[in-house]
Amino acid sequence: MAKTPVYGTNTWYYVFTSTSYDLVKKDVELLDECTKGLKNRLYMVVDDGGDKEYKFDFSR
C-alpha cells in the first residue's frame, strides 16, 4: 500500500483525442505550480484515446 494517497489527472477526461504537445506541456506546468512544496505531488496520465493512427510525439 502506498505511504501517501495517489492522485492526479488524466487528459482523457477533458481533451479526449484532441490532445497536443502544447496542451500537455501547459497542463504539466500548471500541475507543477499547484503542487510545489507538497511531499505527495500529483501525477498526470496522457491518454490519446487509443487510436493507433494518432501519433503523439513526446520527444520535443
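- How far OG1 of T11 is from CG of D27: 8.0 Å, rounded to the nearest 0.5 Å.
- Residues Y43 and L31 have side chains not in contact (no heavy-atom distance under 4.5 Å, counting atoms from C-beta outward).
- Nearest heavy-atom pair, M44 versus V28, reported as atom, atom and distance to 0.1 Å: SD-CG2, 3.4 Å.
- A salt bridge links D32 with K36: the closest approach of a Lys/Arg side-chain nitrogen to an acidic carboxylate oxygen falls below 4.0 angstrom.
- Looking only at distances, a side-chain donor or acceptor of N40 sits under 3.5 Å from a matching main-chain atom of P5.
- Closest approach of A2 and V6 over heavy atoms only: CB-CG2, 3.9 Å.
- In this structure, CG on L30 lies 10.0 Å from CG on L42, to the nearest 0.5 angstrom.
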